[in-house]
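Scroll down for the structure; my scribbles are underneath it.
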Amino acid sequence: MLFSLHNVLYDATVWPRWFHQLLARFGRVEPYQQFFEIWQRDYLEPVQRGGEEFNTAFERFLVDQGLSRGQMDEVVAASHARRRDLEASIR
């Protein structure tokens, strides 16, 4: 059994806060807490339960946010690069 101790051993909000700021550049301005609750409940939890792949849920979220295909491609590319950078910096 593996436990992920978000916000105990590391700050699990770094990527979601960055993602929220990135979407704000595309005009999405809901408060972070509301954004995070929707992302967590409707998109991330199904992934964590094994019912959906992360990339599928992520793209579904972007579609539901009303982004164009070009905007989605930009967000996906930036997101992958940011996640790689964050994972490389974990000690």
Side-chain angles (χ1 to χ4, degrees):
M1 186 176 296
L2 177 67
F3 293 97
S4 181
L5 300 174
H6 294 151
N7 293 319
V8 174
L9 298 177
Y10 65 94
D11 181 2
T13 67
V14 173
W15 184 83
R17 288 186 185 281
W18 172 86
F19 181 44
H20 179 255
Q21 290 174 350
L22 179 63
L23 290 181
R25 295 181 197 158
F26 293 99
R28 308 299 171 258
V29 293
E30 66 267 328
Y32 173 77
Q33 190 61 38
Q34 178 183 349
F35 158 84
F36 183 75
E37 287 173 2
I38 292 169
W39 165 246
Q40 178 71 32
R41 180 191 64 232
D42 298 341
Y43 302 89
L44 194 54
E45 284 182 9
V47 171
Q48 292 170 336
R49 288 193 307 265
E52 188 171 18
E53 293 293 322
F54 179 84
N55 290 340
T56 304
F58 188 65
E59 288 197 18
R60 188 167 53 87
F61 178 77
L62 296 176
V63 167
D64 291 349
Q65 291 293 304
L67 271 63
S68 70
R69 174 44 59 189
Q71 291 171 324
M72 287 175 55
D73 290 344
E74 187 176 334
V75 168
V76 168
S79 176
H80 286 295
R82 180 67 176 152
R83 288 179 69 90
R84 267 193 319 270
D85 291 345
L86 289 172
E87 288 173 1
S89 68
I90 293 175
R91 296 181 185 173

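A quick note: this is a predicted structure, and the numbers were derived from the prediction, not measured.
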Below 30° counts as parallel, above 60° as perpendicular, anything between as tilted: where do the rings of Tyr32 and Phe36 land?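 The arrangement is parallel - the two ring planes meet at less than 30°.
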Straight-line distance of [X] [atom1] to [Y] [atom2], nearest 0.5 Å:
X     : Y     : atom1 : atom2 : value
Arg83 : Phe19 : CZ    : CZ    : 10.0 Å
Leu22 : Glu74 : CG    : CD    : 7.5 Å
Phe61 : Ile38 : CZ    : CD1   : 7.0 Å
Arg60 : Asp42 : CZ    : CG    : 7.5 Å

Do Trp39 and Phe35 have ring centroids that are under 6.0 Å from one another?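 They do not qualify: ring centres at least 6.0 Å apart.
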Do Arg25 and Val75 come within less than 4.5 Å of each other through their side chains, counting heavy atoms only? no
Measuring only between side-chain heavy atoms, which start at C-beta, is Leu23 closer than 4.5 Å to Leu62? yes
Exercise: identify the closest heavy-atom pair between Ser79 and Phe58: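 Shortest heavy-atom contact: OG-CZ, 3.6 Å.
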Taking His20 for the side chain and Gln33 for the main chain, is one N or O donor matched with an acceptor at less than 3.5 Å? no
Donor-acceptor check, side chain of Arg28 to backbone of Gln65, threshold 3.5 angstrom: yes or no?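 Confirmed, Arg28 side chain pairs with Gln65 backbone.
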By salt bridge (charged side-chain N to carboxylate O under 4.0 Å, His left out), which residues pair with Arg69, not counting sequence neighbours?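 Arg69 satisfies salt bridge (charged side-chain N to carboxylate O under 4.0 Å, His left out) with Glu59, Asp73 once adjacent residues are dropped.
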Neighbour count above 12 (heavy atom, 6.0 Å) for Glu30 CD: yes
